[in-house]
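Just so it is clear, the structure is predicted and the values come from calculations on it, not from any experiment.
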Amino acid sequence: MNKLLTAEMTNKTITEVKGENPEKSNVRMLASTAAASGNVCGWQETSTNVTVKSSTQKLIVILKSCRNGSFGWIEKKKKPMLQEFKASGGKSFAGTIKVDLNDNGFYYVANGNFYNGTTVTHSGTTGVTTVFTATYNVAATSNHYASIYTGLKWRKVTN
């Protein structure tokens, strides 16, 4: 992610954002293919716990990653297969989830609201180059649970 995009999302440097977000290893490969070059590429699911009021909700991002021996990287120009909250406890998320794919992880910002007992509609995922935004709406907004704004966070995926 370049400094210009970082400055648009926060006043912190890339180093400061990475320092505030410890590395996590709960990542699993969903499917993979091997190329003649020795690269093994596949869809990889990540889950990141996000505290929302008195509950913990999981932010799921499924992205395309590759590995060749001990070296791994993310295919930055490939739109994530999924970026959403796997909300638990009858909660639903309405808002946006923006991810900016990097060589070995991604930056993310979630901004919206959680509601109790309503259904969710995915309005679409848009993006240019490495930045992709997924938008979600709920059917009814009368049972508000909590607002969420994560600020800019870093999630490491590969070495």
Side-chain angles (χ1 to χ4, degrees), residues 1-33 39-53 55-68 71-88 91-115 119-138 145-159:
M1 177 156 86
N2 63 40
K3 288 186 177 188
L4 178 61
L5 184 56
T6 304
E8 290 175 8
M9 296 171 79
T10 180
N11 290 327
K12 298 177 184 176
T13 66
I14 291 172
T15 305
E16 290 172 322
V17 172
K18 284 184 177 182
E20 293 172 354
N21 298 274
E23 305 299 340
K24 298 178 183 177
S25 61
N26 55 341
V27 174
R28 64 184 174 124
M29 184 70 79
L30 299 178
S32 63
T33 57
N39 297 343
V40 176
C41 298
W43 292 101
Q44 197 166 5
E45 178 181 330
T46 67
S47 69
T48 305
N49 290 332
V50 177
T51 302
V52 179
K53 202 173 175 179
S55 68
T56 300
Q57 305 299 328
K58 287 194 182 296
L59 174 63
I60 306 293
V61 177
I62 300 176
L63 44 82
K64 186 84 175 252
S65 66
C66 297
R67 181 162 292 286
N68 189 329
F71 180 70
W73 67 95
I74 291 172
E75 290 199 21
K76 298 183 291 189
K77 293 186 179 180
K78 182 74 173 172
K79 180 171 74 171
M81 180 189 296
L82 178 73
Q83 57 197 68
E84 73 174 16
F85 275 99
K86 182 180 179 183
S88 61
K91 311 282 185 279
S92 298
F93 174 74
T96 59
I97 302 167
K98 180 183 280 189
V99 297
D100 184 355
L101 302 178
N102 195 277
D103 289 330
N104 61 354
F106 58 89
Y107 295 90
Y108 67 92
V109 175
N111 186 15
N113 295 285
F114 279 87
Y115 297 90
T119 57
V120 175
T121 303
H122 178 226
S123 302
T125 301
T126 59
V128 178
T129 60
T130 65
V131 180
F132 301 94
T133 303
T135 304
Y136 295 89
N137 296 307
V138 292
Y145 174 70
S147 296
I148 180 175
Y149 176 73
T150 62
L152 185 64
K153 302 291 184 183
W154 167 252
R155 175 68 162 86
K156 183 173 180 172
V157 177
T158 65
N159 338 352

### Message
Could you tell me if the side chain of T158 sits less than 4.5 Å from the side chain of Q44, heavy atoms only?
### Response
yes
### Summary
One should read off an interatomic distance between I97 CD1 and E84 CD, to the nearest 0.5 angstrom, of 7.0 Å
### Message
Could you measure the distance from the NZ atom of K53 to the NZ atom of K91? Nearest 0.5 Å is fine.
### Response
8.5 Å
### Message
So that I know where these two stand, are Y136 and F85 an aromatic pair - ring centroids less than 6.0 Å apart?
### Response
no
### Message
Is there a side chain to side chain donor-acceptor pair (under 3.5 Å) between N137 and S123? Walk through the geometry before answering.
### Response
CA-CA 7 Å; N137 296 307; S123 302; 2.4 Å; yes
#### Entry: Non-hydrogen atoms of N113 and S147 that approach each other most closely
OD1-OG, 2.7 Å
### Task
Could you tell me the separation between the CD atom of Q83 and the CG atom of L101, rounded to the nearest 0.5 Å?
8.0 Å
### Query
Run the side-chain contact (heavy atoms from CB on, under 4.5 Å) check on F106 and L63 step by step: do they pass?
CA-CA 10 Å; F106 58 89; L63 44 82; 3.6 Å; yes
### Task
Kindly determine whether Q57 and I148 satisfy side-chain contact (heavy atoms from CB on, under 4.5 Å), including the steps that lead there.
CA-CA 11 Å; Q57 305 299 328; I148 180 175; over 6 Å; no
### Message
Just so I know, are the side chains of N49 and K58 near enough to count as touching, which here means a heavy-atom distance under 4.5 Å?
### Response
yes
### Message
If you compare all heavy atoms of T133 against all heavy atoms of K98, which two are closest, and at what distance to 0.1 Å?
### Response
OG1-CE, 3.5 Å
### Task
With rounding to the nearest 0.5 Å, note down the distance linking CZ in R155 to CG in L59.
9.0 Å
### Query
Which pair of heavy atoms, one from G105 and one from I74, lies closest together, and at what distance?
N-CD1, 3.2 Å
#### Entry: F132: ring pair (Phe, Tyr, Trp, His ring centres under 6.0 Å) partners, not counting sequence neighbours
none
### Test log, rule side-chain contact (heavy atoms from CB on, under 4.5 Å), inputs E75 and C41
CA-CA 9 Å; E75 290 199 21; C41 298; 3.7 Å; yes
#### Entry: Between CG on residue N39 and CZ on residue F71, distance to nearest 0.5 Å
9.5 Å
### Message
A side-chain contact here means heavy atoms from C-beta on lying under 4.5 Å apart; do Y115 and Y145 qualify?
### Response
no
### Query
Counting only N and O atoms by type, is there a donor-acceptor contact under 3.5 Å from the side chain of T46 to the main-chain atoms of V61?
yes
### Task
Show your reasoning for whether side-chain contact (heavy atoms from CB on, under 4.5 Å) applies to V52 and F93.
CA-CA 11 Å; V52 179; F93 174 74; over 6 Å; no
#### Entry: Distance-minimising heavy-atom pair for K79 and T125
CD-CG2, 3.9 Å
### Task
For residues T135 and H122, report the shortest heavy-atom separation together with the two atoms involved.
O-CD2, 3.4 Å
### Query
Knowing that exactly one of D103, T130, N102 qualifies, which makes a side chain to side chain donor-acceptor pair (under 3.5 Å) with K76?
D103
### Message
Taking the side chain as everything from C-beta on, heavy atoms only, tell me whether I62 gets closer than 4.5 Å to P80.
### Response
no
